[in-house]
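First the structure, in the form of structure tokens, and then the observations on it.
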Amino acid sequence: MTGFTVSLVLVVAAVGLLRWRRPAWYWLTFGVTLALVRVLVRYGSVMDACGLTVPPARWRLALARAANRPIPGPRAPRILRLRPTRTGLVLRLKLRPGQDAFDVAAASDRLRHSFAMYGVTSRELRSGVVEVRMTGYDVLKRVQMPAKTETRPMQVPVALRQDGSVHYRDYRAIPHALTLGATESGKSVYQRNLVAGLAPMDVALVGIDCKQGVELFPLARRFSALADDPDTAADVLDALVVRMERTYQVIRAQQRITADVPDAEIAADIWDLPDHLRPVPVVVLVDEVAELALYANKEEEKRRDRIITALVRLAQLGRAAGIYLEICGQRFGSELGKGITMLRAQLTGRTAHRVNDETSANMAFGDIAPDAVLAAIQIPAEMRGLAIAGDSSGGWHRIRAPHTSLRQAVNICNRHADRTPELPELAPFRPALSASAAAPVSLAKASSAAV
């Protein structure tokens with residue numbers, strides 16, 4: 001008996017240590033079984049306590065009285081499917097008459113406590129069917145992307161959501177996006193994940209990095225064009241506008257609008273064109289948009305207006321031509337001048353890391369999801385990479401990108417350097433890669449011996 005007790009104590013201690021140090025391993029070994037038992041055993045009582053039950057139907061009451069049987073109790077939503085995942089449980093419910101998906105969403109926090117889960121979220125799949133996703137541990141504390149993700153053209157898995165699902169950057173669904181974040185908030189890592197995910201695809205990358213290229217130039221082997229100062233950025237954007245106009249001419253010539261051509265074959269963007277005629281899509285990454293909008297004299301003001309006008313034109317018209325914008329910055333507000341709010345209106349996707357002021361969070365989510373503004377300004381400084389992602393539909397999620405070092409991103413870009421397309425309009429801005437690096441410039445003070 002003593003040996004059994006010691007063994008039991010050791011097992012309990014091992015389980016506790018595993019839950020503390022490796023919550024993902026604990027969940028896959030012990031947690032998922034315990035959670036399944038809790039949900040199945042407590043389901044009826046929990047639903048009743050959370051107000052998610054309805055009275056029995058009248059015909060059931062009449063049948064019980066006629067048969068002199070006990071009166072049936074309240075009825076909870078019917079479980080259609082209960083599926084364990086690597087991060088939690090997915091519960092699909094069929095709502096009873098009179099119930100609404102909002103009722104389940106409002107009770108999410110009570111369900112979390114009742115089932116002893118880390119997080120509970122819900123979404124409506126179709127009329128009367130709700131999917132409840134429950135996570136067994138904090139999946140954003142140590143992000144581990146699943147080994148297999150969905151593979152589609154122009155869709156990049158960039159982060160993990162709080163409910164354990166993968167957050168994708170789908171350029172065909174959301175062509176343009178705005179990413180905000182203060183210094184050391186994880187914005188650069190998020191951008192590296194984007195570049196690393198796009199590198200294996202048939203896509204042209206164009207970078208605008210006005211910090212002398214320190215963020216994007218290490219990835220230059222995979223970029224078709226790079227600009228490291230505002231003057232070059234203005235020329236690159238003008239060249240992209242020219243490419244957009246030429247692409248529209250190709251689409252117009254291939255629309256095939258005749259009486260004998262089915263509607264599905266009429267071309268309205270590059271994805272409706274045949275493969276041999278389809279221009280390569282272009283993703284434009286702007287590392288610090290404020291550097292493009294600031295000016296100190298009249299000459300710089302003219303350049304600034306030229307840049308913002310080109311960005312607005314690309315945001316309004318570039319989707320059908322296969323040109324997608326990824327605007328990043330530490331600060332994005334109306335004080336950057338005219339045209340900024342017009343540009344923001346065209347950026348459907350919004351991602352906000354930790355920001356230093358509420359105004360930046362309002363510029364990201366104030367017009368689409370006011371609740372996300374409060375969530376964005378509450379991101380702690382020690383949680384680098386944690387962000388709030390939303391879109392114009394009003395929905396938002398907490399996400400966190402896996403840490404990707406600059407060396408890892410460089411290796412991926414170098415491995416897929418052969419996929420870098422040659423674009424005639426952007427040929428003058430193709431980064432020149434010398435065989436040997438130039439001599440480094442020393443910024444340290446001269447030693448006294450040299451004086």
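FYI, the numbering just counts along the sequence from 1. Since this is a predicted model, take the numbers as computed values, not measurements.
Side-chain contact between Y137 and V139 is present, with heavy atoms from C-beta onward closer than 4.5 Å. The shortest side-chain heavy-atom distance between V195 and R222 does not fall under the 4.5 Å cut-off. Residues D202 and R419 meet the side-chain proximity criterion, which asks for heavy atoms closer than 4.5 Å. Counting heavy atoms from C-beta on, the side chains of L178 and L180 come closer than 4.5 Å. In this structure the side chain of R38 reaches within 4.5 angstrom of the side chain of M117, judged on heavy atoms. Here the side chains of V206 and F429 are not in contact, with every heavy-atom distance at 4.5 Å or above. Between H353 and I379 there is no side-chain heavy-atom pair separated by less than 4.5 Å. With contacts defined as side-chain heavy-atom distances shorter than 4.5 Å, the pair Y190/T179 qualifies.
Atom CD in E215 sits 12.5 Å away from atom SG in C210 (nearest 0.5 Å). The CD atom of E300 sits 12.0 Å away from atom CZ of R304, with the distance rounded to the nearest 0.5 Å. Here the CZ-CG distance, from F217 to D209, works out to 11.0 Å after rounding to the nearest 0.5 Å. Rounded to the nearest 0.5 angstrom, R81 CZ and L93 CG are separated by 12.0 Å. L343 CG to L347 CG: the interatomic distance, rounded to the nearest 0.5 Å, is 4.5 Å. If you take OG1 on T404 and CG on N193, they are separated by 3.5 Å, rounding to the nearest 0.5 Å.
At a cut-off of 3.5 Å, with distance as the only test, no side-chain donor of N411 or R415 sits close to an acceptor on the other residue.
Heavy atoms from other residues, nucleotides or ligands lying under 6.0 Å from CD of E358 number 12 at most. Shown here is E382, whose CD atom has more than 12 heavy atoms of other residues, nucleotides or ligands within 6.0 Å. Counting non-hydrogen atoms of neighbouring residues, nucleotides and ligands closer than 6.0 angstrom, the CZ atom of R86 exceeds 12 such neighbours.
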**Study point:** From CA spacing to verdict: side-chain contact (heavy atoms from CB on, under 4.5 Å), L205, L219
**Key:** CA-CA 10 Å; L205 300 180; L219 315 172; over 6 Å; no
Point to revise | side-chain contact (heavy atoms from CB on, under 4.5 Å) between Q408 and R192, intermediate numbers included | key: CA-CA 9 Å; Q408 291 173 325; R192 286 176 207 157; over 6 Å; no
Practice item. Dump the intermediate steps for salt bridge (Lys or Arg N to Asp or Glu O under 4.0 Å) on D305 and K302, then the final yes or no. Key: CA-CA 5 Å; D305 292 342; K302 293 179 181 179; over 6 Å; no
Point to revise | Y248/M244 under side-chain contact (heavy atoms from CB on, under 4.5 Å): CA gap, chis, key distance, verdict | key: CA-CA 6 Å; Y248 277 128; M244 177 181 68; 3.6 Å; yes
Practice item. Just do the side-chain contact (heavy atoms from CB on, under 4.5 Å) check on D235 and D231 with the steps written out, would you? Key: CA-CA 7 Å; D235 295 335; D231 291 324; 5.5 Å; no
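Distance alone, capped at 3.5 Å, places no donor-acceptor pair between the R161 side chain and the H167 backbone. Between the side chain of D269 and the backbone N or O of D272, at least one donor-acceptor pair lies under 3.5 Å. Under a 3.5 Å cut-off, the side chain of R319 and the backbone N or O of R172 do not form any donor-acceptor pair. With hydrogens and angles disregarded, a donor-acceptor distance shorter than 3.5 Å links the side chain of R400 to the backbone of L140. No side-chain donor-acceptor contact under 3.5 Å links R398 to the backbone of Q162. Distance alone, capped at 3.5 Å, is enough to place a donor-acceptor pair between the Y168 side chain and the E150 backbone. With hydrogens and angles disregarded, a donor-acceptor distance shorter than 3.5 Å links the side chain of T420 to the backbone of R221. The backbone N or O of D228 sits nowhere less than 3.5 Å from a side-chain atom of T232 that would complete a donor-acceptor pair. A donor-acceptor contact shorter than 3.5 Å links the side chain of S224 to the backbone of P421.
Taking each heavy atom of V203 and P281 in turn, the nearest pair found is CG2-O, 3.4 Å. In terms of heavy-atom proximity, A204 sits nearest to V280 at N-CG2, 3.9 Å. The minimum heavy-atom distance linking W27 with A35 is given by the pair CH2-CB, 3.6 Å. Counting all heavy atoms, side chain and backbone alike, R354 lies closest to S185 at O-CB, 3.7 Å. The heavy-atom pair separating A361 from I377 by the smallest distance is CB-CG2, 3.8 Å. The minimum heavy-atom distance linking V312 with G339 is given by the pair CG2-O, 3.9 Å.
Residue D238 forms a side chain to side chain donor-acceptor pair (under 3.5 Å) with just one option from R243, R306, R313, and that option is R306. Under the side-chain contact (heavy atoms from CB on, under 4.5 Å) test applied with V90, the options D163, V132, T85 reduce to a single match, T85.
A cation-pi arrangement, defined by a distance under 6.0 Å to the six-membered ring centre and an angle within 45 degrees of its axis, is present between R169 and Y171.
For K211 and E291, the salt-bridge test fails: no basic side-chain N is under 4.0 Å from an acidic carboxylate O.
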